[in-house]
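In what follows, every chain begins at residue 1, and chains take the letters A, B, ... in the order their sequences are listed.
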Amino acid sequence: MVWIEELKEHVGKEVTLKGWVYNKRDSGKVRFVLLRDGTGILQCVFVDTEIDKETYGLADSLNQEAVVEVSGLVREDTRAPGGVELTARSLKLIADSADYPITPKEHGIDFLLSRRHLWLRSSRQHALLRCRDTMIRTFHEFFGDRGFILVDPPMITPTSCEGATTLFEIKYFDDVAYLSQSGQLYMEPAAAAFGKVYCLAPSFRAEKSKTRRHLTEFWHLEPEVAFLDLEGDMELAEDMLLFVVKRLLERRPDELKLLGKKVEGSEEHLKLLEGLDKPFYRLSYTDAVKMLNDNGIKMQWGEKFGADEEAVISREFDRPVFVHRYPKASAPFYMKEDHADPDVVLNFDLLASEGYGEIIGGSQREDDLEKLKAAIQRQKLPREPLEWYLDLRRYGTFEHSGFGIGMERTLAWITGVHHIRETIPYPRLIDRIYP
RNA sequence: UCCUCGGUAGCUCAGCGGUAGAGCGGGUGGCUGUUAACCACUAGGUCGGGGGUUCGAAUCCCUCCCGGGGAGCCA
């Protein structure tokens, strides 16, 4: 048995393949069956005068997504999609498939999401999930090459790490527990143990967000590095993204092109990615507010950026932009305050270009025990469940920084797809956990 | 939670007070190289549920359910 992706090595030879019927076309006494085996699509040609009646009749009656075994001669042919086709000699029906719902025609998003398990078979989803595979492997390679240790965080946690945001509550024997929103608090101790660490795990957010940038379950990559300051943290994020973007352009050009089909501005988007280089732009929160005010948007220092504000900022630049040093008042307790300006913290958001919004959020962590205690008190968080976290500041505290990056948002930005629900095999959305 | 758009054939949609429509998909037939093939014929409907207005409601009003897009929040 041969896979379709290997066929170029079998030109001129007889082979046997198994696969699903992707589509069927006919013309007079010729039947064209498009066979899909997961590694590619192959056109199988059945000619009435060259094979027996039974085989031809079977080819003529095949249903979409029926499983078949085909044998025949592999030939190069420019008329075939992919350049290689099969002159079929024999055909066996292994399993039939009646009334396959996803026909080669347009469908609505509700219909497709309800049939996600079948939708995965279509070419666009193939391209996207192949890019996802390459992207995730590349992230691992990037950190592996730099000596980072992969440390897996727990997904069942006793408390929230950032307090306010909504958590999924679960029953834990006779107690309550929560699904993790972030592995960060667990990466900081790991950084004290191994120096350079990262994790890649799902994070869960019970926010009732209904936008193209939100999932209730997403894959969260979080590096944490000892003896690294905010500037170093941004440089790490920059190097990482460049490495991953370059790799995708290199290894998945066909998939990126397919995904750009029928998408307005996709050529410009790919050119932008090809030209992507260091350094990304850096803009302090304070300067960003000034910039927005100069653009006629009224806002006070201290207010948060909304989607509109972020879009205005990212549209000003042709590369991703780091916005750093946000007001301390609305920052999570673990972010380190800036010695130069105690009203701000040493953190950053990375806004992707073209309105994709925030894909990375990071910070230098507060390493002063007293300041951290004060921040916990100020935000009215319970101290007792965080004692273990405070131990890091008691037993050899150290300067350290890290960030979190969402795999789905990053993939959406690189591939140019509009909604992140297509960038994960089985998206979990508000009011949608099937299939 | 709020704002907004929508629910009509298996799918995508048109119809928006007066006999339920198209394209695709299904079925049948035709065509010796098709590229979401094409051509002809054909079957297929409780117009999301309930209530109301009207001589008459898919169409107007109320209500509920379901879905899309967005806001807040975030990766």
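- Contact between the side-chain N/O atoms of A/Arg212 and the OP1/OP2 oxygens of B/G70 is found at a separation under 4.0 Å.
- At B/C66, none of the side-chain N or O atoms of A/Arg432 fall inside 4.0 Å of OP1 or OP2 (strictly under the cut-off).
- Ring planes of A/Phe111 and A/His107: parallel class, angle under 30° (limits at 30 and 60°).
- Ring planes of A/Phe168 and A/Phe204: perpendicular class, angle over 60° (limits at 30 and 60°).
- Atom pair A/Gln184:CD and B/A75:C1' shows a separation of 12 Å (rounding to whole Å applied).
- Using bins of under 30°, 30° to 60° and over 60° for the plane-to-plane angle, the ring pair A/Phe142/A/Phe243 lands in the tilted bin.
- Only the P atoms considered, B/G49 is 10 Å distant from B/U8, to the nearest whole Å.
- Note on A/Lys208: a side-chain N or O is less than 4.0 Å away from OP1 or OP2 of B/U1.
- Per the geometry, CG belonging to A/Leu112 stands 16 Å off P belonging to B/G67, to the nearest Å.
- By the stacking rule of 5.5 Å between ring centres and under 30° between planes, A/Phe218 stacks on the base of B/A75.
- Comparing the P positions of B/G6 and B/U59 gives an interatomic distance of 14 Å, to the nearest angstrom.
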Identify all side-chain donor-acceptor contacts of residues 4-13 of chain A below 3.5 Å with residues at least two apart in sequence or on another chain.
from	atom 1	to	atom 2	distance (Å)
A/Glu6	OE1	A/Trp3	N	3.2
A/His10	ND1	A/Glu6	O	3.2

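- When both pairing distances are held under 3.5 Å, B/A9 makes no Watson-Crick or G-U pair with any nucleotide shown.
- Of the nucleotides present, B/G30 is the one that pairs with B/C38 by Watson-Crick or G-U wobble criteria, both distances under 3.5 Å.
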